[in-house]
Each structure stands twice: as C-alpha cells, then as structure tokens.
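These notes are about the structure you will find just below.
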There are 2 protein chains.
Amino acid sequence: MATVDPSLVAHLPLFAGFGAEDLAEILREARSLRFPKGSAVFEEGEEAHSFFVLLHGHVRASKTTQAGEQVVVRYVAPGETFGVAMAIGLTRYPATATAVDDSVALAWPSGTWPRLVAKFPALATNTLQTIGSRLQETHTRVVEMSTQQVEQRVAHALLRLAKQSGRKVEHGVEIDFPISRQDIAQMTGTTLHTVSRILSGWESRGLIESGRQRIVLREPHKLFVLAEEDPGEGGSPVRP
Amino acid sequence: MATVDPSLVAHLPLFAGFGAEDLAEILREARSLRFPKGSAVFEEGEEAHSFFVLLHGHVRASKTTQAGEQVVVRYVAPGETFGVAMAIGLTRYPATATAVDDSVALAWPSGTWPRLVAKFPALATNTLQTIGSRLQETHTRVVEMSTQQVEQRVAHALLRLAKQSGRKVEHGVEIDFPISRQDIAQMTGTTLHTVSRILSGWESRGLIESGRQRIVLREPHKLFVLAEEDPGEGGSPVRP
DNA sequence: CGTCTTATTGAACCGCCTCAAATTGAGTGG
DNA sequence: CCACTCAATTTGAGGCGGTTCAATAAGACG
C-alpha cells in the first residue's frame, strides 16, 4: 500500500508544530480513500469508525430531522478535518457526510485517536482550536438566523462559501463545487423557492451569474454591503 | 487568601481523571471571585484575561449585533467552564458574560492555560469534549431554527433550561434563575411579544405557571409533546 | 405612593412559505 | 444525433405566522 506523502499535509492546522518524524508516524496509521461524487463518507447515527482529513474534493455535512427535513451543517474543504466524533466524546456520527465532488480523504480508525493523543498532545490542542473555530462560526450562524432576513443570510452564506472554496474566474469568483438552490436553502433556513427568487433578483442586477448548481459572484463587495445592510434603509424606498 | 476546597470541584468534567495532588496544583493558580446579580464578568471584544469555572449562580453569555440586537448564546450553570477563549485560540472574548444571579466563579489568568495544558494534557482533552458538546448543542439550535416554528422552539428552550437548571417545586419544575420573556426571545430568535403570547397561551392551558422573570413547568411531558409536534397535526383543526 | 421595568394584549401589516405549474438543462439510451 | 427522462430552476398567486406599532396593566423597589 502506498503511504501518504508527509509534505502534502505538514502545513495543515491539525499537524501544526509537528516534526517530520512524528508526522510520518501519525500518517502511517492512516489510509487514503476515494469517494466518488454523490457517495456517502458516513451516515448520521452510524458507529464512528474513523476520522478524516479531506485531501481533495468537497464534502457536505448535514443533519436530518425526524420529519425528514435536511439542514446543511457545513461544507468541508480540502485540508479540513471532519468526522472527529471520537475526539469530542461521541461514539456515533452526529451528521451525514456526503462527497459533493469526487473526493479523497485520509482516514484514521477512531481507535487510534486515544493512543495518538496520548503520545502527541498537540493533536488535542490543535483539534481544540479547530472545534473552537467551528463553534464560533455556528454561533455566528445562530445570530444571523435570529436577527437577519433571508436575503442577508443568503448573501452571507455565499460570501462564506466563496471565501472558503472560491475559485477566481474571468468574471468574478466561482464557488468551486456543485451547489443547488436547495443546498443554499438548507444552509440558511429557508426554501429553495425563496433562494431562487433572491438569486434571480441578484442576477438581473448583475451581482452574480449563475446556472445549474453553479454560482459566480461578480460583485462580492456589493453583496457584502447588501449582507450588512439594515433592511430599513437602502434600495429605493418610496417616502410619501 | 483562602484557597479553594478541591473536593468541591473534583467531580467536574474539566478535572475528570485528575488526582488530588494535580488538582491542588491547578487550583492553586485560581482565584475565587464574586459577581453580584447583574454585573458583567467580561465583555465581548475585551482582552481575554481569564477563564472561569462557575461555582454558584448563573451567567448569561450573549452576543450583540452591529444593530444593537442581543442574542443569548447560552446560560452557564454551576460546574461549567466559560470564557475559555484562550483555549480555542482567541485573544478576545467572543461574547459578553453577565451574572443573572449573585454568582461565584473560579478564575485562572489566561496566561496559565498553556502551561497547565503542557503539564496536564487531560485538561485539553476534557475541554475538547466540553467544546464538542457545545458545538452539538449549537448545531441542534441551528436545526431547530431552520425547521421549527417559534412555539416549538420556545418549548425546547424551556425544557433545556429546566433540565440544566431546573429546581423541583410543589407544582412542577421551576427554572432556577430570573429569566424574562425578552431573554427567551433572544434564545429562540423571536420577539418578547410573541414569547409573551405563547406563554400566556400555555398558562391558560395549565402547562406552565409564570410570573415576573419566573417560570414553572407544570406539565413538562405535555410541553415535550408540543415541542416535537408537527404543526400540521394536533390541536383542533377544522377539516372542511 | 411614585417610578421604572416587565408583561400583556390588540390591530394591522408583510416577508416568507405553501401550493401549483411551467421551463430549462443535463444525462442517457437508442 | 435526437428523443426521452428526470432533476434543477423559475415564477405566479394566495395565505399565514410572526413582527411591528401602540397602548395598557401589573409587579418590584425605594
């Protein structure tokens, strides 16, 4: 079996502060796995057999309610860890992870985590920072859902996706994986209909350019202004 | 200065797996502080000088938007850690912490964290589990805000508060600290008016008993059913 | 007893959802 | 290459949950 090239992952937050030897020892325990577009990496409620570092592609983490509605928890970009249930004291995955593109990830059996952490305490502190950042982001999301209207939330979501997984193209920044109106609705707590209407509006104003599962931000700054805007002002309100 | 009695805190999650000596060494670095009802423990954006373990009382963590709206992030109950900004890589507090009751907390200077973690790696893994749980809870909140209506969200919020900080009283379970309609609104992403209407409705149905900054759950199970209920069913719908 | 915060309640409005239907585009097999 | 199929998207019309605005009431506290 081919082992993983340490130089590819040495710069990742998870391995911050590690020497080449330690890194090699950790990587020796990992396997590299391919996940074709659309396939599940793991399912919500399933025994948490492994934790992962994404190398290529994109993975969507989502939760499903009893009523069958899905909510997108986050999108995983290359270099990020995911499925770290064991590290936070869970024996089962709290969400479903689906490859939205052909993807490659390193996978460690969950059982290796306690041993690795015991030998390399920096793994715990690095993971603590990662999980802490995610907690901050999720709090931001709660604040947005509590105080902003749908249009602003969608704008923020697109800007965040562009920052995390944007690719510069001729006319702006394109979100670098297939994403539907429905996906955006599930990220922002609204319906695909409302998202479609909003994007149509933006497209006619030249802010974005979009197609089937494809979005290009042409005017990120204008979107940013719109995202921060108080709904009371702006636009062309009729003052009687 | 009086030192802290180790037996009071030995059972806390943060200190899981620690021996008496190690615990004493850690506690030696902490100071015990009193925070009168209504006072701020720290403010959002302030330099994160300390991290805390709450011993008595209750603390509300909240974030304020640019527009001045507040959102309650969580309520801290005795035994819980808070203000661990340093541990998750922040130099400033991401939220404001306010004592909602006369409270007492242990405080460690943030500067001690790296040293303590280096010497006692279990602190990092324990904190990782705590932060991980909070991340799960916050995700649950996002899912609720995305899929449920206000009445269900308020029911969930009250049940959670009752579980975390409930006190058995004659007619049910009372939430053990002063909490206003406004506070509940800021936890559930709605307005104090809507919360007031909902609580009034429940009170007239005998589900709760409430007063000024005071709520008693008389029928927790009925509230639970209501919280899980699909809005389409239940009640007395008119079928034409 | 006066003042201030908290809570209640009515009325009107509106952002967004729901329901419904048509359209577009990509992939597939003949 | 074209017809077919199915998923994704668009768009209209109507309704409702919840907000907003406004005013009153009820406790707590000095």
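The sequence lines fix the lettering, A, B, ..., with proteins before strands; numbering per chain opens at 1.
- At a cut-off of 3.5 angstrom, counting only N and O atoms as typed in the model, there is no donor on one side facing an acceptor on the other between the side-chain of B:His193 and the base of D:dT20.
- Take the nearest nucleotide of DNA chain D for A:Ser200 and for B:Thr190: the residue whose nucleotide is more 5' is A:Ser200.
- Taking the charged nitrogens against the carboxylate oxygens, A:Lys168 and A:Glu174 have no contact shorter than 4.0 Å, which rules out a salt bridge.
- Below the 3.5 angstrom threshold, one finds a donor paired with an acceptor across the side chain of A:Arg197 and the base of C:dT18.
- The distance between atom CD of B:Glu151 and atom C1' of D:dC16, rounded to the nearest whole Å, is 15 Å.
- A salt bridge links A:Arg214 with A:Glu209; the closest basic N to acidic carboxylate O contact falls under 4.0 Å.
- Between the CD atom of A:Glu203 and the C1' atom of D:dT11 there is a distance of 15 Å, rounded to whole Å.
- When the side-chain nitrogen and oxygen atoms of A:Arg181 are compared with OP1 and OP2 of D:dT10, one or more of them lie within a distance under 4.0 Å.
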Show, in sequence, the C-alpha distance, side-chain angles and deciding distance for B:Arg92 and B:Glu46, and conclude whether the salt bridge (charged side-chain N to carboxylate O under 4.0 Å, His left out) test is met. CA-CA 5 Å; B:Arg92 294 174 178 281; B:Glu46 183 185 321; over 6 Å; no
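- Taking 4.0 angstrom as the limit, B:Ser196 places none of its side-chain polar atoms (N or O) nearer than this to OP1 or OP2 of C:dA7.
- Considering only side-chain N and O atoms, B:Thr194 lies nowhere under 4.0 angstrom from the phosphate OP1 or OP2 of D:dG17.
- When all heavy atoms are compared, the tightest approach of B:Tyr75 to B:Val100 is CE2-CG1, 4.1 Å.
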